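Remember, it's a predicted structure, so these values are computed and weren't measured experimentally. Heavy-atom basis, side chains included; hydrogens, waters and symmetry copies ignored.
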Amino acid sequence: MKIRHVVAGVFKPVEDVELTTTPPEEGFYWIDADVDDLALLQPLFSLHDLAVEDCLTEEEQRPKIETYDNHYFIVVNSIRYDDEEIFLRALNIFLGRHYIITVTKQKINELRAVKPILWEQEVSEPDRFLYFLIDLVVDNYFIVGDRIEVKIEKLEEDILMHTKRSHLNEIIGLRSEILWLKKVLGPQKEVINILNKKDLRLIDDQLQKYFSDIYENAVKISENFDTFRELIGNLREAYQAAIANRANEIMRVFTAITTIFIPLTLITGIYGMNFEHMPEIHWKYGYYVVLGVMIVLGAGMFYLFRKRDWI
């Protein structure tokens with residue numbers, strides 16, 4: 001657990017957590033904790049039992065905001081895209097009048113990235129800290145969305161150039177991830193909308209208007225993922241069309257080869273008959289002439305099919 005006294009964006013470490021229960025003369029306290037620290041923090045700040053229980057649960061948390069007498073409990077999902085896989089990590093936030101507590105189970109990049117912003121903006125209020133933190137969380141969805149779009153474009157190019165059966169697994173996996181993210185984005189968008197419109201006494205009225213900009217970004221992200229879902233549908237159709245075209249190409253080649261060998265098979269069939277009296281059967285050069293005719297006939301048909309792009 002790390003405790004900081006934040007004044008005008010400047011951090012000052014605090015050793016004794018009990019000091020944070022009293023409002024400072026200026027600034028606020030930021031307590032960056034993990035779930036194990038809640039046993040100590042809950043009685044100090046009178047954190048609600050249900051909120052603490054949500055932090056401790058192993059189940060995936062749904063984004064939400066809950067208001068209690070002396071604090072708010074907010075859950076948002078941070079997004080990461082590592083090694084072609086998408087991860088969502090719950091960021092639990094307790095917002096009080098003179099403090100903000102962030103509780104996480106894994107490392108979240110936004111908590112590190114928000115520090116220079118607090119210093120640059122000279123932040124001295126916990127609600128402004130909340131604003132910049134959620135703004136970073138939402139902006140990261142744009143970054144992940146851009147990477148997904150690039151992956152879709154590359155996958156489309158690969159399908160059109162060199163279709164493989166593994167592409168279908170990639171399409172199905174990417175579609176599942178997009179649908180999963182779309183399901184998460186709905187509640188998260190509503191949380192931001194509440195921060196934008198609902199009368200919340202722990203958030204300054206002037207600052208509350210700025211959440212509308214974050215809400216607009218959340219709406220854009222949701223629309224982008226709707227577009228991605230449609231693009232994935234197009235990819236699947238392109239894959240099926242490419243597989244069908246590939247099968248047609250193979251069948252066309254096999255048909256052309258079969259057509260070439262039909263007259264050759266006819267010739268060999270005729271001269272393979274076991275009749276004693278056949279006009280050319282005792283001719284000295286008969287074998288070479290027939291073989292030559294077969295070669296010329298086969299080569300001529302191959303040239304004709306090649307010229308018409310049938311092979």
Problem - Residues E66 and K64 bridged, charged N to O under 4.0 Å - result: yes

Handout entry: Shared hydrophobic cluster for V52 and I100 (ILVMFWY, side-chain gaps under 4.5 Å)
Key = no

Exercise for the section: Look only at the side chain of S222 and the backbone of A218, and say whether a donor-acceptor pair between them is shorter than 3.5 Å. Expected result: no

Problem - Donor-acceptor contact below 3.5 Å, side chain H5 vs main chain P24 - result: no

Practice task
Check whether any side-chain heavy atom of E190 sits under 4.5 Å from a side-chain heavy atom of I65, and report yes or no.
Solution key: no

Exercise for the section: Under the salt bridge (charged side-chain N to carboxylate O under 4.0 Å, His left out) rule, what do K105 and D34 come out as? Steps first, then yes or no, please. Expected result: CA-CA 6 Å; K105 294 180 180 178; D34 56 38; over 6 Å; no

Practice task
Check I148 against F225 and note the closest heavy-atom contact, atom names and distance.
Solution key: CD1-CE2, 3.7 Å

Exercise for the section: List in chain and number order the residues that pass side chain to side chain donor-acceptor pair (under 3.5 Å) with N140, two or more places apart in sequence or in another chain; answer none if no residue qualifies. Expected result: E110

Practice task
Test side-chain contact (heavy atoms from CB on, under 4.5 Å) on Y141 and N217 and set out the steps.
Solution key: CA-CA 9 Å; Y141 277 84; N217 288 337; over 6 Å; no

Handout entry: T57 (side chain) donor-acceptor with E53 (main chain) under 3.5 angstrom
Key = no

Exercise for the section: For V6 and S124, run side-chain contact (heavy atoms from CB on, under 4.5 Å): C-alpha distance rounded to whole Å, both residues' side-chain angles, the deciding distance at 0.1 Å, then the answer. Expected result: CA-CA 6 Å; V6 184; S124 296; over 6 Å; no

Exercise for the section: Answer whether the closest heavy-atom distance between the side chains of I192 and N196 falls below 4.5 Å. Expected result: no

Handout entry: Side-chain touch H71/S46, heavy atoms, less than 4.5 angstrom
Key = no

Practice task
Compare all side-chain heavy atoms of I93 with those of L133 and state whether any distance is below 4.5 angstrom.
Solution key: yes

Exercise for the section: Determine the minimum heavy-atom distance between I117 and F132, stating which atoms define it. Expected result: CG2-CD2, 3.6 Å

Handout entry: Minimum heavy-atom distance V17-L40, with the two atoms named
Key = CG1-CD2, 3.9 Å

Handout entry: Check: F45 ring centroid to F94 ring centroid under 6.0 Å
Key = no

Problem - Stepwise ring-ring contact (aromatic ring centres under 6.0 Å, His included) check, F129 with W30 - result: CA-CA 9 Å; F129 178 100; W30 172 24; 4.8 Å; yes

Practice task
Determine, stepwise, if the pair L88 / L181 fulfils side-chain contact (heavy atoms from CB on, under 4.5 Å).
Solution key: CA-CA 9 Å; L88 289 181; L181 285 175; 3.9 Å; yes

Practice task
Assess whether side-chain contact (heavy atoms from CB on, under 4.5 Å) is satisfied between Q121 and R128, documenting all intermediate values.
Solution key: CA-CA 9 Å; Q121 299 294 328; R128 291 191 68 203; 3.9 Å; yes

Practice task
For residues Y131 and Y210, determine if any side-chain heavy atom of one lies less than 4.5 Å from a side-chain heavy atom of the other.
Solution key: yes

Problem - Same cluster (ILVMFWY, side-chain, under 4.5 Å), M1 and F28 - result: no

Practice task
Decide whether Y72 and L47 are clustered together by the hydrophobic rule: side chain heavy atoms of Ile, Leu, Val, Met, Phe, Trp, Tyr closer than 4.5 Å, transitively.
Solution key: no

Practice task
Check the surroundings of atom CZ in F142: do more than 12 heavy atoms from other residues, nucleotides or ligands lie under 6.0 Å from it?
Solution key: yes

Practice task
Grab the two heavy atoms, one from A90 and one from T104, that are nearest each other, plus how far apart they are.
Solution key: O-CG2, 4.2 Å

Practice task
Report yes if the side chains of L202 and R97 come closer than 4.5 Å at any heavy-atom pair, otherwise no.
Solution key: yes

Practice task
Can you see which heavy atom on Q188 is nearest to which on N77, and at what distance?
Solution key: OE1-N, 2.7 Å

Problem - Pair Y68 + H48: ring centers closer than 6.0 Å - result: yes

Give every donor-acceptor pair under 3.5 Å between a side-chain atom in residues 8-16 and any protein atom, sequence neighbours left out.
| unit_1 | atom_1 | unit_2 | atom_2 | d |
| --- | --- | --- | --- | --- |
| D16 | OD1 | E18 | N | 3.1 |

Exercise for the section: Identify the two heavy atoms, one from L41 and one from A33, that lie closest to each other, and give their separation to 0.1 Å. Expected result: CD1-CB, 3.8 Å

Exercise for the section: Using a 4.5 Å cut-off on heavy atoms from C-beta on, say whether the side chain of V138 contacts that of Y215. Expected result: no

Practice task
Assess whether atom CZ of R89 is packed by more than 12 heavy atoms of other residues, nucleotides or ligands within 6.0 Å.
Solution key: yes

Handout entry: Value rounded to 0.5 Å, distance of OG in S78 from CG in L91
Key = 7.0 Å

Handout entry: Exercise: do N224 and E149 side chains pair donor with acceptor under 3.5 Å
Key = no

Exercise for the section: Taking the side chain as every heavy atom from C-beta outward, state whether I203 and L95 have any atom pair closer than 4.5 Å. Expected result: yes

Handout entry: Hydrophobic cluster identity match, I79 and L179, side-chain contacts under 4.5 Å
Key = no

Practice task
For W119, look at atom CH2 and say whether over 12 heavy atoms of other residues, nucleotides or ligands are found less than 6.0 Å away.
Solution key: no

